Amino acid sequence: MTALAIEHDTPLRAAAAVARPLTGNEAIARGAWEAGVRVAAAYPGTPSTEILESLATYPREDVHAQWSPNEKVALDVAIGASYCGVRALTAAKHVGLNVAADALMSHAYIGAHGGLVLAICDDPGIHSSQTEQDTRYYARLATVPVLEPADAQEALDYTRLAFDLSERFDTPVIVRSTTRLSHTRTVVRLGERHAPPPRGFTEDPNRNVIMPAMARRRRPFILAREQRLAEYFDGATVTRVEPGDAAIGVITVGTAYAYVKEVLPGASVLKLASSYPLARETIRAFCAAHERVFVVEELEPMIETEVRAMGLAVAGKEFFPRAGELSAEIVRDGFVAAGVLAPRPPAPTFDLEPLVRPPVLCAGCPHIGSYFPLRSGEARVTGDIGCYTLAALQPLAAMDTCVSMGSSIGNAVGMALSGAERKPVVATIGDSTFLHGGIPALMDAVYNQASITVLLLDNRTVAMTGGQDHPGTGRTLRGDATHKVDYEALCRAVGVNWIRRVDSYDLAAGRQTLREAMEYDGVAVVISDRPCVLDPVKIKGPPLTVDAAACTACQSCMNLGCPAITWSEETLEGRHKVQIDPAQCIGCAMCLQVCPTDGIGAGMNA
Amino acid sequence: MNEAAHAIDPAAVAAAPRPTNVLVVGVGGQGVIMVSKVLARLAQRHDLEIKQSEVHGMAKRGGSVFSHVRFGPQVWAPTIPVGEADVLVALEWAEGLRWLPYVDPERGTFIADTKRIVPPFGCTDRRRGATLAYPGTAVADVVGLVPHAYALDAEGMASELGNPRVANTLLLGVLSTVLDFGVGEWREVLAEFVPAGTVETNLAAIETGRAWALDVAARGVLPLAAAPARAPAVDVPTGAVRLDIEAAWCKGCDICVKFCPELCLRLNAERVVELTDPAACTGCRICEWLCPDLALAVRNVASPAEAPA
Ligand SMILES: Cc1ncc(C[n+]2csc(CCOP(=O)(O)OP(=O)(O)O)c2C)c(N)n1
Ligand code: SF4
Ligand code: SF4
């Protein structure tokens, strides 16, 4: 094996390095660029989205950065580049790795010809995700190392290191971030780009083609690799003991490190770079040197369980919760409960009315029009993931289920074929979600002759994650024009014969078309067609107004859930009339269609 | 070992240097992130360590937005612990109230715009006499709860300067009297961040905010005139309602069923209208007014007992 540049061989940066404030995600992108990444592919997902958006700001000659229709395709693209001996990156949110897991499992056997790094962002606290899960389980499952930076500087440094480790140990490497790290901005010292020359494709079917015989042969290599990595982490400078009081020792990793430093200044800390494979000998020595040892890690007790299995006595999840995001307060409370810190005087509490302010669909959001006809409850409506999931909440309350990206159509097939659902079944799915995981399910519906309606919400963007492009928008990540998916042709090709397109803002047409679709025996597709009002361009038309004299306070318009419509001060028989906020209203005129008294119009009482 | 003897000396914990903590809160689209970026830039000019943390995601869609800004010689945690914010800057009144427990009870300062952004969820009660679900807490109620409070109609004051959009800069002007950066620095950093055409107004706004805060501090009293009033109580008639249906007059045209905002009417097997859920009927009278055959009528009843079960 050729000697490769590794962390302690090459200084990461010149002494007088340039410093710039970067978020964790921007730092990961910078680290990948400095490491000479050639190909980067991802599907958006909070909190990982900005990694690729940021990489796309580096020169085209340096890096090909792209959106893929889903996380598995993105990882496969990165693997393809790695086969050709160039450095490649994929980024995803934690649940994105569920989708890409199959390719990861195989690639752990195949190994990395060109360095392959997966930047995976967990979402402790479930700020905007469907689940709270710990990516470090995937590292163990796939037997691949996971690096866990504690701040943006480490996010940059560890990403660089990850590429080196990937090539040196012939393995994909996971860099695990969290929402907090990804979205915290700190000043980061930058380095230069050092792109290793491409190694080219190496024809070696015994390595490149996974089959039972090859996998059996590689299995011992993988276990030996795990051991070699553990030894590497034992000797590496990224595994750091910060000595302090011998009575208390804390083993920690990632963002948890910052909370420990905040609440236990001066404590003895073993800061790991990786929770898998573990720097076992360092841990053993650390435990021997301290009377009481705690493990503080966010989410699952990965380190703790393994350290206990080594026969060492440590405390952990009995004091620090498994569920939710850690914070300085929570870590402090844990150490207070453990008798390490003195309790603090309780913080003052205030007896104030709380205000509920959940996220809502935007004023004039086309999803409002798509779901309004489904409010009546005539249909069983399966839902999916995107801005439109908010249609499950009051006042639209027009969605019965939501499982995972692309599930709506498969769920609808199961409902329709269950023999236990008497209402017509309507699957509702966003354009990006459809391209992500909906197409095979649509094929399934036709193939197995389920009678369902599919309402495809074509708002021409991945709105939920901030308005990214996808294969249905006709633009790439770098903004270049490209082929645009033709949904009608696609649906026809898998065997759908009943396809209609409606304007999302035309409520009567939407209702009528959905009725016809539900009566159709077979798979019917209704494409609800209007761009998102926020991305890629902010849409703002002249606002409508309410004629207070005509408004009877029935609040029918408020059933749309448009945030521009709220109560006015005026009442009729004790019920509030409504008003439209001209700053928010975009003039979509959906409320005007719903008003039974012609009380809404352009400049009615202005 | 002796559990009661704390392993870490409380004095050492107390003596650890603490960074300056500023929490900026508001509603999606108000510019919370911009305000926190200005602060971070100021701290960067002093070679301080900075952590600026926010959670994106749902923020865009009208939800609460917050940004933790911490700076000092050394900053560990990215978020400010409860009760340790030196300053809480609220761009919206109810959001300020939400985060009040973060204000340091010994030395913290609360700076809030009294602007109220009422969410649609504040207007969901359809019954007669319903009131807005927005905190009735007034400025006077808050003054005693935190060591220092500044509450001002920043948007109104900004409008007087000719641009309501500089309200945030006005709040920065107030903030500039609390933090240790020089006035000139605030002006320079601000000029980097705001659109070229608005530099003059923004600089005027920072001056106005500063002057207002210095005046308040000098006089030692907060003008309470800017306080948001409680939502006016709604009058007449707050009693219960009852929907009377003259079944014999209904010809099953379905108009009322389609228009009922509460979806509480349906046609029964005989194609005659019936009320599915009396509790859902708000007495809005849409059915009464639309029925071509006058088959439905909303009656005011004195007590819920008179309403149908
Ligand atoms: C497996 C997985 N990948 C990514 C995400 C992040 N995510 C949530 S919704 C969404 C796409 C929404 O796009 P679209 O279906 O077009 O609906 P829109 O938000 O535009 O209404 C994405 C990428 C996720 N939740 N799960
Ligand atoms: S961002 Fe677009 S899709 Fe999402 S709620 Fe707003 S208008 Fe609708
Ligand atoms: S026209 Fe009506 S529904 Fe559309 S944005 Fe304006 S207030 Fe909302």
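Everything quoted here is computed from the prediction, not taken from an experiment.
Side chains of B/Pro135 and A/Leu352 form no contact here, defined as non-hydrogen atoms less than 4.5 Å apart. Residues B/Cys123 and A/Met558 have side chains in contact (heavy-atom distance under 4.5 Å, counting atoms from C-beta outward). B/Cys284 places none of its side-chain heavy atoms less than 4.5 Å from the side chain of A/Gln555. Counting only heavy atoms from C-beta outward, the side chains of A/Gln394 and B/Thr124 never approach each other to under 4.5 Å. At a threshold of 4.5 Å between non-hydrogen side-chain atoms, the residues A/Asn559 and B/Arg126 count as touching. B/Asn300 is listed as a side-chain neighbour of A/Glu573, based on a closest heavy-atom distance under 4.5 Å. B/Gln52 has its side chain out of reach of A/Pro21: every pair of non-hydrogen atoms, C-beta onward, lies at least 4.5 Å apart. No side-chain heavy atom of B/Phe121 sits under 4.5 Å from any side-chain heavy atom of A/Pro395.
Heavy atoms of B/Ile117 lying under 4.5 Å from chain A belong to its backbone as well as its side chain. Using a 4.5 Å cut-off between heavy atoms, B/Gln74 makes no contact with chain A at all. In this structure, chain B has no heavy atom under 4.5 Å from any part of A/Phe335. In this structure, the portions of A/Arg375 lying under 4.5 Å from any heavy atom of chain B include both its backbone and its side chain. Neither the backbone nor the side chain of A/Pro47 comes within less than 4.5 Å of any heavy atom in chain B. When heavy atoms are compared at a cutoff of 4.5 Å, B/Ile286 approaches chain A solely by way of its side chain, counted from C-beta outward. Only the side chain of B/Arg70 has a heavy atom closer than 4.5 Å to any heavy atom of chain A. Heavy-atom distances place the side chain of B/Leu263, and not its backbone, under 4.5 Å from chain A. Proximity to chain A is absent for every atom of B/Glu106, based on heavy atoms less than 4.5 angstrom apart. Only the backbone of B/Arg127 comes within contact range of chain A, with heavy atoms under 4.5 Å apart.
Residue B/Arg98 holds its CZ atom at 5.5 Å from CG of A/Leu355, rounded to the nearest 0.5 Å. Rounded to the nearest 0.5 Å, atoms NZ (B/Lys258) and CZ (A/Arg511) are 7.0 Å apart. How far OG1 of A/Thr179 is from CD of B/Glu54: 12.5 Å, rounded to the nearest 0.5 Å. To the nearest 0.5 Å, atoms CG (B/Asp141) and CZ (A/Phe350) are separated by 12.5 Å. Note that CD1 of B/Ile50 is 12.5 Å distant from OG1 of A/Thr184, once rounded to the nearest 0.5 Å.
Residues B/Ala77 and A/Tyr259 come closest through the heavy atom pair CB-CD2, 3.6 Å. Minimum heavy-atom separation, A/Thr186 to B/Lys51: CG2-CG, 3.4 Å. Nearest heavy atom pair, residue B/Trp289 against residue A/Thr552, reads CZ3-CB, 3.3 Å. Closest heavy-atom contact between A/Glu329 and B/Ile80: OE2-O, 4.0 Å. Of all heavy-atom pairs between A/Pro563 and B/Pro120, the closest is CA-CG, 3.7 Å. The heavy-atom pair separating B/Ala94 from A/Arg357 by the smallest distance is CB-NH2, 4.2 Å.
For A/Lys271, the NZ atom counts as densely surrounded, since its 6.0 Å shell holds more than 12 non-hydrogen atoms of other residues, nucleotides or ligands. Annotation for A/Lys540: atom NZ counts as buried by contact number, over 12 foreign heavy atoms lying within 6.0 Å. Heavy atoms from other residues, nucleotides or ligands lying under 6.0 Å from CZ of B/Arg18 number more than 12.
Of all the listed residues (B/Glu262, B/His68, B/Arg41, B/Glu92), the one sharing the greatest number of non-hydrogen pairs under 4.5 Å with chain A is B/Glu92. When B/Pro19, B/Ser53, B/Ser67, B/Ala133 are compared by the number of non-hydrogen pairs under 4.5 Å with chain A, B/Ser53 comes out ahead. Residue with the most contacts toward chain A among B/Val75, B/Asp125, B/Leu145: B/Leu145 (heavy-atom pairs, distance under 4.5 Å). For the options B/Pro119, B/Gly122, B/Cys260, heavy-atom pairs under 4.5 Å to chain A are most numerous at B/Pro119. Contact count versus chain B (heavy atoms, under 4.5 Å) is highest, among A/Ala328, A/Ser376, A/Cys554, A/Gly24, for A/Cys554. For the set B/Leu97, B/Val69, B/Val103, B/Val82, the entry with the most heavy-atom pairs within less than 4.5 Å of chain A is B/Val82.
In this structure, A/His576 contributes its side chain and B/Ala130 its backbone to a donor-acceptor pair below 3.5 Å.
Looking at B/Thr79 and A/Arg180, their side chains never bring a donor and an acceptor atom within 3.5 Å of each other.
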